[in-house]
Amino acid sequence: MTKLLEIKNIETFYVLIYALRGVSLSVDEGTITAILGNNGAGKSTILKTVMGLLDDQPDKGTIEFMGKRIDGKDPEVIVRMGISYVPEGREVFEELSVRENLLMGAYIRRDRAAINRDFDQIYGYFPVLKERADQWAGTLSGGEQQMLAIGRALMNRPKLLFLDEPSLGLSPLLVREIFNIIRTINKEKVTILLVEQNARMALNISDIGLILENGRFVMKGRSEELVEDKDVK
């Protein structure tokens, strides 16, 4: 199986505090990989480090995407290479419409006809977004904003999609809906790296699970095995 993303021994710090300590992981093409852990474990820091969102980080180690080094590159370059990122807390453009938010996800693309076709695909995943196409994003519910954030990221046609805590603040019903859509997106040949605190839901849809504690991975395995592990529970 082709390794799409490979992280080797990265170390990332905030001021004098190390957030990641020698973290290594790989993401195989076509899979869903879940990173699990408590608040403050360093889960989101992994995604931000890969995306180049932390100045001069990682301090050590290497990051390769599709066989090319990307550590130290600007976020725009990384996005153009084919990684999209849905941050924790959604962060939609509140005073733009739903359609305008989706267009922002395609800002590096010039294939207008294909972009219009992709709107139909996004609306297929999230029919409520089509109903709210002209509505300000800031007036959507939390679940609708999460759908919009995911849809916006998909408009870049990514090879790899980063999802940071997509279940955060959502009702159990919406969580199930979001995770079912994530599984569908993966079946459409989008590789996914998922950061989550909802371990059971994440392990139920992922192929590989990794448990992060205090900036280090302490457990890794097939998700179907981890979900039954007493330490994980």
Side-chain angles (χ1 to χ4, degrees), residues 1-15 17-91 105 107-108 149-150 152-166 168 182 185-186 189-197 202 206-220 223:
M1 194 171 288
T2 303
K3 291 190 186 306
L4 203 59
L5 178 71
E6 191 157 18
I7 298 171
K8 297 179 181 177
N9 298 313
I10 61 170
E11 294 187 353
T12 298
F13 65 90
Y14 296 110
V15 191
I17 300 173
Y18 271 95
L20 301 177
R21 302 170 180 270
V23 165
S24 297
L25 71 91
S26 61
V27 177
D28 291 332
E29 188 174 13
T31 62
I32 300 178
T33 300
I35 300 175
L36 312 173
N38 294 325
N39 274 333
K43 305 185 305 297
S44 297
T45 303
I46 293 175
L47 302 187
K48 291 177 181 178
T49 300
V50 175
M51 292 302 300
L53 295 172
L54 303 176
D55 291 340
D56 300 321
Q57 300 295 329
D59 186 45
K60 295 180 181 178
T62 61
I63 305 169
E64 293 185 1
F65 176 61
M66 299 178 64
K68 297 180 180 179
R69 288 275 299 269
I70 62 171
D71 45 286
K73 293 190 180 297
D74 291 336
E76 180 185 355
V77 174
I78 294 168
V79 170
R80 287 182 182 278
M81 290 178 72
I83 303 179
S84 286
Y85 172 47
V86 180
E88 180 182 350
R90 297 128 200 171
E91 296 188 14
Y107 79 98
I108 64 172
I150 295 172
R152 182 181 60 194
L154 290 173
M155 288 295 290
N156 184 42
R157 286 196 174 179
K159 298 177 180 69
L160 177 59
L161 177 64
F162 287 173
L163 296 172
D164 194 350
E165 302 280 9
L168 187 67
I182 291 170
I185 291 167
N186 175 245
K189 303 189 184 305
V190 178
T191 305
I192 295 172
L193 181 57
L194 168 68
V195 158
E196 256 297 336
Q197 285 192 66
S206 61
D207 302 288
I208 298 293
L210 302 101
I211 313 299
L212 192 69
E213 286 185 5
N214 300 318
R216 297 180 187 274
F217 286 123
V218 297
M219 192 178 298
K220 175 184 177 181
S223 297

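We number each residue from 1, following the sequence as shown. Atoms considered below: every heavy atom in the structure, side chains included; atoms not considered: hydrogens, waters and symmetry mates.
Side-chain contact between Leu212 and Leu36 is absent, with no heavy-atom pair separated by less than 4.5 Å. Contact check for Pro166 versus Ile182: side-chain heavy atoms found under the 4.5 Å cut-off. Met66 places none of its side-chain heavy atoms less than 4.5 Å from the side chain of Met81. When side chains are defined from C-beta on, Ile185 counts as touching Ile150, because their heavy atoms get closer than 4.5 Å. Between Val195 and Leu47, some side-chain heavy-atom pair lies under the 4.5 Å cut-off. A heavy-atom distance below 4.5 Å is found between the side chains of Ile83 and Met51.
Side-chain atoms of Ser206 never come within 3.5 Å of backbone atoms of Ser223 as a donor-acceptor pair (strictly under, hydrogens ignored). A donor-acceptor pair is defined here as one N or O able to donate and one able to accept, closer than 3.5 Å; no such pair exists between the side chain of Asp28 and the backbone of Leu4. Put simply, the side chain of Asp207 gets close to the backbone of Ile32: a donor and an acceptor are under 3.5 Å apart. Although no hydrogens or angles enter the test, the distance criterion places no donor-acceptor pair under 3.5 Å between the side chain of Ser24 and the main chain of Lys8.
Across every non-hydrogen atom of Ile10 and Pro58, the tightest pair is CB-CB, 4.0 Å. For the pair Pro75 and Gly52, the tightest heavy-atom approach, listed with the atom from each and the gap, is CG-O, 3.4 Å.
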Criterion side chain to side chain contact (heavy atoms under 4.5 Å, CB included) on Ile35 and Phe217, from CA distance to verdict: CA-CA 9 Å; Ile35 300 175; Phe217 286 123; 4.0 Å; yes

Applying side chain to side chain contact (heavy atoms under 4.5 Å, CB included) to Leu161 and Thr191, what does each step give before you reach the verdict? CA-CA 6 Å; Leu161 177 64; Thr191 305; over 6 Å; no

Residue pair Phe65, Ile78: steps toward the side chain to side chain contact (heavy atoms under 4.5 Å, CB included) verdict: CA-CA 9 Å; Phe65 176 61; Ile78 294 168; over 6 Å; no

What verdict does the salt bridge (charged side-chain N to carboxylate O under 4.0 Å, His left out) test give for Lys43 and Glu196, after you've listed the backbone C-alpha separation in whole Å, the side-chain angles of each residue and the deciding distance to 0.1 Å? CA-CA 8 Å; Lys43 305 185 305 297; Glu196 256 297 336; over 6 Å; no

Please test Leu54 against Thr45 for side chain to side chain contact (heavy atoms under 4.5 Å, CB included), starting from the C-alpha separation and ending with a verdict. CA-CA 9 Å; Leu54 303 176; Thr45 303; 4.0 Å; yes

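In this structure, a donor-acceptor pair under 3.5 Å is present between the side chains of Thr49 and Thr12. A donor-acceptor contact closer than 3.5 angstrom is absent between the side chains of Tyr107 and Asn156. A donor-acceptor contact closer than 3.5 angstrom is absent between the side chains of Gln197 and Asn38.
Within a 6.0 Å sphere centred on CG of Asn9, other residues, nucleotides and ligands contribute more than 12 heavy atoms. Environment of CG in Asn214: sparse, with no more than 12 heavy atoms of neighbouring residues, nucleotides or ligands closer than 6.0 Å.
Using a cut-off of 4.0 Å between Lys/Arg side-chain N and Asp/Glu carboxylate O, Glu64 and Lys3 are scored as not salt-bridged. Using a 4.0 Å cut-off between a side-chain N of Lys or Arg and a carboxylate O of Asp or Glu, Lys73 and Asp71 do not qualify as a salt bridge.
Here the CD atom belonging to Glu11 is positioned 5.0 Å from the OH atom belonging to Tyr18, to the nearest 0.5 angstrom. Here the OG1-CG distance, from Thr33 to Leu5, works out to 9.0 Å after rounding to the nearest 0.5 Å.
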